[in-house]
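Before any comments, here is the structure.
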Amino acid sequence: MNLKGAISHPLFEKLRDTSARLGMRSYVIGGFVRDHLLGRDCKDIDIVVEGKGIDLAKAFAADIGSDGFSFFENFGTAMVMYDDFQVEFVGARKESYRRESRKPIVEEGTLEDDQVRRDFTINAMSISLNPDDYGMLGDPFGGVNDLKAGIIRTPTDPDVTFSDDPLRMMRGIRFATQLDFVLEDSTYNSIAANKDRIGIVSQERITDELNKILLADVPSKGFGLLFETGLLHLIFPDFVKLHGVDIVDGRGHKDNFYHTLQVVDNVCQLTDDLWLRWAAVLHDIAKPATKRYFPKQGWTFHGHEDMGAKWVPRIFRDLRLPQDAKMKFVQKLVKLHLRPIVLAQEIVTDSAVRRLMFEAGEDIDALMKLCRADITTRNERKFEKHLKNFALVEQKIIEVEERDRIRNWQPPLTGEMIMELFRLPPGRFVGEIKNAVREAIMDSVIPNEEAAAIEFARTVAIKLGAVKSSGK
């Protein structure tokens, strides 16, 4: 099969000419070839060279006058930028592994040596950049047929493939999720058999694959495969604890693992935001720890939102996720995720909406997306009722925002202003007066104006004994 159409961009002809001048044979390999056959755009181009990949990269960069060039002698790789393409070079190689390490013993090899060490058949295909067979597809392991069949399969014995590089187990599940493919039986079984090998992979690389699964259209497929093969138990045990249903006196609760997966899929229909998707993963994470059974009430999970929010920093640390504003965002949404749902079950007052908007701040829209995604009942009547009530809350938020501009609102009196007005030192009186002013505005006792806030603060200060009545 000739794929000249895939390499019609001028950069490929330049690569052909540079390779020929140096007497090297070079090939496009991996994801670019796969994505072309799938009809997907790809700007990352991997070039494998029979010889020194860095030498070809340096010559290519000089030929095109590119200053977007970097190379890594220790790994024998290089990268050159060309327009909006990122072209990576590596010498063809064969590898052998030690049992206790992912770092291979590398030797120079041929294209065939390089293809056999690839992770999956759909990533082992190549396109020749050589004058004698320019554009010809190299597909030694049936990658084209596997693309057509929607199958993820290793080129050789999967036990060897996964034992050599255990991260490939997660990559296989990630590809199955992103492409909506299935894992071929022996590949699937081998992942389950070799799952313990994931222990030698760095947490950063594991989490990178988790993030890619979470950014897929339907992440539940990937998390389901991670669970079924046992990998999830090793890399994310907190999530696995959500699985299962306890029954007492014939009364059970929903399986919070599958509920969470449904919430994640739901939220993915509303946003591409990775951190909002993480909030969906973690919104019920503390339910197993807060689960209680009472004969009259049945199963309860009181306080799971508060406990879950406290867990978020630790979970982010364990997964090597960032300890910054992104973590704080997820923590806030986990803490507040029940609030709009509770409002939807009650009379929606302006005061309650103001409080919610004050606490959520600029993240109120993200919170509402999470809460809408959290409606997963299969009872059609209940589902419609929940959506209708939830729509009332959303409308009330719009009305309050238009009238009160409460989003990201700060009370008109700061602690410093209170200390100056009433000549108070720092202490509990200042905090109590400030909180009282905020609550009065939230409850519409006073308008959101500085003059009204000062008068109200004076009244509170007198009641607290912070100032004397004669101080008016």
Side-chain angles (χ1 to χ4, degrees), residues 207 210-211 214-215 219 236 238-239 242 256 259-260 262-290 301-346 348-376 390 393-394 396-398 400-401 404-411 431 434-435 438-439 441-442:
T207 296
L210 275 179
N211 283 339
L214 197 50
L215 286 170
F236 198 176
D238 283 314
F239 197 13
L242 289 168
N256 289 301
H259 163 72
T260 296
Q262 183 61 61
V263 174
V264 172
D265 285 351
N266 288 348
V267 92
C268 290
Q269 296 178 27
L270 305 174
T271 180
D272 293 329
D273 186 333
L274 173 64
W275 307 108
L276 182 45
R277 293 181 179 203
W278 267 111
V281 170
L282 298 177
H283 79 286
D284 279 347
I285 198 69
K287 274 193 169 180
T290 57
F301 305 91
H302 292 316
H304 75 273
E305 69 280 13
D306 293 322
M307 183 177 289
K310 291 178 181 177
W311 286 5
V312 168
R314 188 264 302 166
I315 292 173
F316 267 49
R317 281 195 301 272
D318 290 348
L319 295 178
R320 303 296 191 273
L321 289 165
Q323 295 284 311
D324 57 12
K326 299 178 181 69
M327 183 273 287
K328 294 290 188 183
F329 167 79
V330 173
Q331 187 176 38
K332 179 193 289 186
L333 263 59
V334 171
K335 183 177 181 63
L336 297 179
H337 79 272
L338 289 184
R339 291 280 291 282
I341 295 172
V342 171
L343 283 181
Q345 297 169 351
E346 300 173 350
V348 186
T349 64
D350 287 3
S351 174
V353 171
R354 282 194 202 96
R355 292 176 187 281
L356 175 63
M357 295 185 69
F358 175 70
E359 292 191 45
E362 64 182 7
D363 300 318
I364 185 67
D365 294 333
L367 176 63
M368 297 306 287
K369 287 178 182 177
L370 173 60
C371 294
R372 180 173 284 274
D374 202 12
I375 303 172
T376 61
F390 199 74
V393 176
E394 291 179 315
K396 197 71 168 180
I397 287 174
I398 294 172
V400 170
E401 170 64 15
D404 298 346
R405 300 297 175 189
I406 206 74
R407 188 185 302 233
N408 292 324
W409 171 78
Q410 294 295 324
K434 183 180 177 182
N435 289 340
R438 184 189 67 198
E439 295 299 305
I441 294 173
M442 289 286 181

Q) So with a 6.0 Å cut-off around NZ of Lys332, is the heavy-atom count from everything else above 12? A) yes

Q. In this structure, are over 12 heavy atoms from other groups packed under 6.0 Å from Lys396 atom NZ?
A. yes

Q.
For Gln262, give me all partners under side chain to side chain donor-acceptor pair (under 3.5 Å), at least two apart in sequence or on another chain.
A. Asn266

(Q) Once salt bridge (charged side-chain N to carboxylate O under 4.0 Å, His left out) is applied, what residue pairs with a partner in residues 263-276 remain, sequence neighbours excluded? (A) Asp272-Arg277

(Q) Give me the atom names and distance for the closest heavy-atom approach of Pro288 to Leu242. (A) CD-CD2, 3.6 Å

Q: For Asp374, enumerate each residue passing the salt bridge (charged side-chain N to carboxylate O under 4.0 Å, His left out) test, keeping only those at least two apart in sequence or located in another chain.
A: none

Q: Start with the C-alpha distance between Arg438 and Phe358, add both sets of side-chain angles, then the distance that settles side-chain contact (heavy atoms from CB on, under 4.5 Å), and finish with yes or no.
A: CA-CA 10 Å; Arg438 184 189 67 198; Phe358 175 70; 3.7 Å; yes

Q) Atom CH2 of Trp275 and atom NZ of Lys328: how far apart are they, to the nearest 0.5 Å? A) 15.0 Å

(Q) Show, in sequence, the C-alpha distance, side-chain angles and deciding distance for Leu336 and Asp363, and conclude whether the side-chain contact (heavy atoms from CB on, under 4.5 Å) test is met. (A) CA-CA 11 Å; Leu336 297 179; Asp363 300 318; over 6 Å; no

Q. Which residue pairs pass the salt bridge (charged side-chain N to carboxylate O under 4.0 Å, His left out) test with at least one member in residues 302-311, sequence neighbours excluded?
A. Asp306-Lys335

Q. Between atom SG of Cys268 and atom CG of Leu214, what is the distance when rounded to the nearest 0.5 Å?
A. 6.0 Å

**Q.** Set of side chain to side chain donor-acceptor pair (under 3.5 Å) partners for Thr290, sequence neighbours left out
**A.** none

Q. With sequence neighbours left out, what residues match Arg317 under salt bridge (charged side-chain N to carboxylate O under 4.0 Å, His left out)?
A. none

Q.
Checking Phe239 now: which residues fulfil ring pair (Phe, Tyr, Trp, His ring centres under 6.0 Å) with it, not counting sequence neighbours?
A. Phe223, Phe236, Phe257

Q. Arg314 and Asp238: side-chain contact (heavy atoms from CB on, under 4.5 Å), yes or no, with the steps?
A. CA-CA 11 Å; Arg314 188 264 302 166; Asp238 283 314; 2.5 Å; yes

(Q) Using the salt bridge (charged side-chain N to carboxylate O under 4.0 Å, His left out) criterion, which residues pair with Lys326? Sequence neighbours excluded. (A) Asp324

Q: For Asn211, enumerate each residue passing the side-chain contact (heavy atoms from CB on, under 4.5 Å) test, keeping only those at least two apart in sequence or located in another chain.
A: Thr207, Leu274, Trp278, Leu321

Q. Which heavy-atom pair separates Val334 from Ala279 by the least distance, and what is that distance?
A. CG2-O, 4.2 Å

Q: To the nearest 0.5 Å, tell me how far Ile364 CD1 sits from Leu356 CG.
A: 4.0 Å

Q: Not counting sequence neighbours, which residues clear ring pair (Phe, Tyr, Trp, His ring centres under 6.0 Å) with His304? List them please.
A: His337

Q | Shortest non-hydrogen contact from Pro340 toward Val393 | A | O-CG2, 4.1 Å

Q.
Testing the basics here: between Asn256 and Asp284, what is the closest heavy-atom pair and its distance to 0.1 Å?
A. OD1-OD2, 4.3 Å

Q: Among Thr260, Val330, Leu338, find the residue that satisfies the side-chain contact (heavy atoms from CB on, under 4.5 Å) test when tested with His283.
A: Thr260

Q | Pairing residues for Glu394 by the side chain to side chain donor-acceptor pair (under 3.5 Å) criterion, not counting sequence neighbours | A | Arg372

Q: State, to 0.1 Å, how close Phe316 and Gln323 come at their nearest heavy-atom pair, and which atoms those are.
A: CB-NE2, 3.3 Å

Q. How far does CE of Met357 sit from CE of Met368, to the nearest 0.5 angstrom?
A. 9.5 Å

Q.
Measuring from atom CG of Leu270 to atom CG of Asp365, what distance do you get when rounded to the nearest 0.5 angstrom?
A. 12.0 Å

Q.
Could you tell me if the side chain of Pro322 sits less than 4.5 Å from the side chain of Met327, heavy atoms only?
A. no

Q.
I'd like to know if Arg354 pairs up with Glu359 as an ion pair, taking the criterion as any Lys NZ or Arg NE/NH1/NH2 lying under 4.0 Å from an Asp or Glu carboxylate oxygen.
A. no

(Q) Test of understanding: with salt bridge (charged side-chain N to carboxylate O under 4.0 Å, His left out), list the residues that count as partners of Lys369, not counting sequence neighbours. (A) none

(Q) Please find the pair of heavy atoms, one from Val267 and one from Ala280, that lie closest to each other, and give the distance. (A) CG1-CB, 3.9 Å

